[in-house]
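Below you'll find the structure, written out as structure tokens, and then a few comments.
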Number of protein chains: 2
Amino acid sequence: MKLRKTDRTQRLQEVEDRFVDLWDTMSSLWGISPTMARIHGVLYITGQALSMDDIMARLAISRGNVSMNLSKLVEWGLVRRVHKRGSRRDYYESLSDVWEMFTLVAQQRKRREIDPILNTLRHCQEMLGELQDDTTAQERGKRISELLKFLTMMESLARRFFETHQGLKMAVGLLARESE
Amino acid sequence: MKLRKTDRTQRLQEVEDRFVDLWDTMSSLWGISPTMARIHGVLYITGQALSMDDIMARLAISRGNVSMNLSKLVEWGLVRRVHKRGSRRDYYESLSDVWEMFTLVAQQRKRREIDPILNTLRHCQEMLGELQDDTTAQERGKRISELLKFLTMMESLARRFFETHQGLKMAVGLLARESE
DNA sequence: TGTTCCTTTCAGGAAGCACTGAAATCATAG
DNA sequence: CTATGATTTCAGTGCTTCCTGAAAGGAACA
């Protein structure tokens with residue numbers, strides 16, 4: 001054991017902080033708010049079930065903020081509410097499976113962002129369809145249909161990708177159980 | 001010709017507005033600012049080369065704003081500066097290939113967002129490596145390495161995807177040229 | 001070189017978004 | 001039913017990000 005206990009604790013804390021900051025930065029990429037990401041970061045990296053007060057203390061944010069963002073995380077399915085016997089408090093813990101988390105976020109974003117876009121594009125196409133004899137309308141229609149083609153293609157690709165992954169994961173799980 | 005000319009113009013305008021609003025909404029998904037997206041939207045849907053004043057008028061935004069966002073779009077490679085003979089003004093036109101645009105945005109985002117994340121995660125792993133005898137450190141190390149595994153996998157997948165697409169596109173292009 | 005036209009820069013201001021903290025609500029135990 | 005502990009809500013506030021417009025900069029023409 002090269003490091004003294006206090007040094008080890010400090011080092012762990014440092015990694016935790018770095019990780020939470022990282023999650024914060026990542027939040028824009030995942031399409032969630034920074035604080036939501038930081039809370040999830042703490043829950044993921046510690047791997048423990050924490051109470052609201054734990055999280056308030058670790059991240060130095062207000063009770064209301066924690067409450068609101070935790071409920072969003074639960075709503076998204078990234079975090080679960082758990083209970084500890086003998087305690088009235090709610091505790092919260094993160095999913096641990098990276099794939100599962102990714103899938104959840106991707107689904108949410110598709111529903112909230114991609115689907116409305118597809119609807120709008122289709123609607124635009126309809127409106128342009130009524131101007132078939134207009135050259136400008138034809139050109140614009142072509143641009144929109146190319147976008148639609150691209151997006152639907154990406155979508156089906158993604159769907160197949162997730163299905164495959166689910167299949168793979170199930171297979172791996174079954175094998176592991178049999179070999180026990 | 002069912003519709004009168006003024007009606008046609010109005011209808012085209014309506015589609016254009018809807019499209020620009022759509023792009024605006026999409027901007028968060030693509031990781032660019034709303035105005036940048038709207039400018040690109042106008043350029044894409046019209047398919048024309050427009051001047052700064054054209055864009056200012058269509059979107060009702062200030063000269064400075066247009067200037068700054070156009071230069072970002074040019075920097076990203078989504079928009080090209082073109083010149084019209086006999087005019088001192090700069091004109092700007094959008095790429096028309098959806099795939100190309102998507103690739104450009106994806107590359108930018110990877111460079112700006114994914115790569116730093118990978119670096120940080122690796123750095124965290126190093127710091128934890130020095131605490132090999134600590135159980136907590138081991139657990140956290142495992143979580144981080146799972147993330148790394150996931151991200152690098154996604155990255156190589158994406159790279160292969162783009163390479164394939166480039167190959168496909170080239171092939172299609174060659175065939176089309178031969179058949180002329 | 002001076003003039004004109006066009007573009008870029010940037011300090012100051014506006015708008016939107018997230019956070020706080022206290023009051024209201026809810027749940028459990030006695 | 002009341003008291004206590006825990007969570008949620010939301011109006012007010014602070015912060016960040018984006019936008020404006022005027023002034024400076026640059027390029028083409030005469």
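Note on naming: letters A, B, ... go to the chains in the order of the sequence lines (proteins, then strands), and numbering restarts at 1 for each one.
A straight line from CG of A:Asp90 to C1' of D:dT7 spans 8 Å, rounded to a whole angstrom. Summarising the geometry, the separation between NE2 on B:His83 and P on C:dC6 is reported as 14 Å, rounded to the nearest angstrom. Taking atom CD1 on B:Ile55 and atom P on C:dT7, their separation rounds to 10 Å, with Å as the unit. In this structure, B:Asp24 atom CG and D:dT17 atom P are separated by 18 Å, rounded to whole Å. Here C:dG21 presents its C1' atom at 12 Å from CE of A:Met52, a figure rounded to the nearest Å. Across the protein-nucleic acid pair, A:Arg81 atom CZ and D:dT8 atom C1' stand 10 Å apart, rounded to whole Å. One interatomic measurement links the two molecules: OH of B:Tyr92 to C1' of C:dT8, which rounds to 10 Å at whole-angstrom precision. As rounded to whole Å, 11 Å separates atom P of C:dA22 from atom CE of A:Met56.
Using a 4.5 Å cut-off on side-chain heavy atoms (C-beta onward), A:Leu43 and A:Leu70 make contact.
Between B:Gly141 and B:Gln125, the shortest heavy-atom distance links the atoms O-NE2, 4.5 Å. Between A:Glu146 and B:Ser96 the shortest heavy-atom distance is OE1-O, 3.9 Å. Residue B:Ile45 comes nearest to B:Glu16 through the heavy atom pair CG2-CG, 3.9 Å, listed as atom of the first residue, atom of the second, then distance. Residues B:Arg111 and B:Pro116 approach most closely at O-CD, 3.6 Å, considering heavy atoms. Among all heavy-atom pairs drawn from A:Ser33 and A:Asn69, the shortest one is OG-OD1, 3.6 Å.
The aromatic rings of B:Phe102 and B:Phe162 sit tilted relative to each other, their planes meeting at an angle between 30° and 60°. Ring geometry for B:Phe150 against A:Trp99 counts as perpendicular: the plane angle is over 60°, on a 0 to 90° scale with 30° as the lower cut.
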Per-nucleotide protein contact along nucleotides 25-30 of chain D, 5' to 3', at a 4.0 Å heavy-atom cut-off (B base, S sugar-phosphate only, - neither), is ---BS-

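Both B:Leu148 and B:Ile117 belong to a common hydrophobic cluster when Ile, Leu, Val, Met, Phe, Trp and Tyr are linked at side-chain heavy-atom distances under 4.5 angstrom.
A heavy atom lying under 4.0 Å from DNA chain C marks the following residues of residues 61-78 of chain B, by number: B:Arg63, B:Gly64, B:Ser67, B:Met68.
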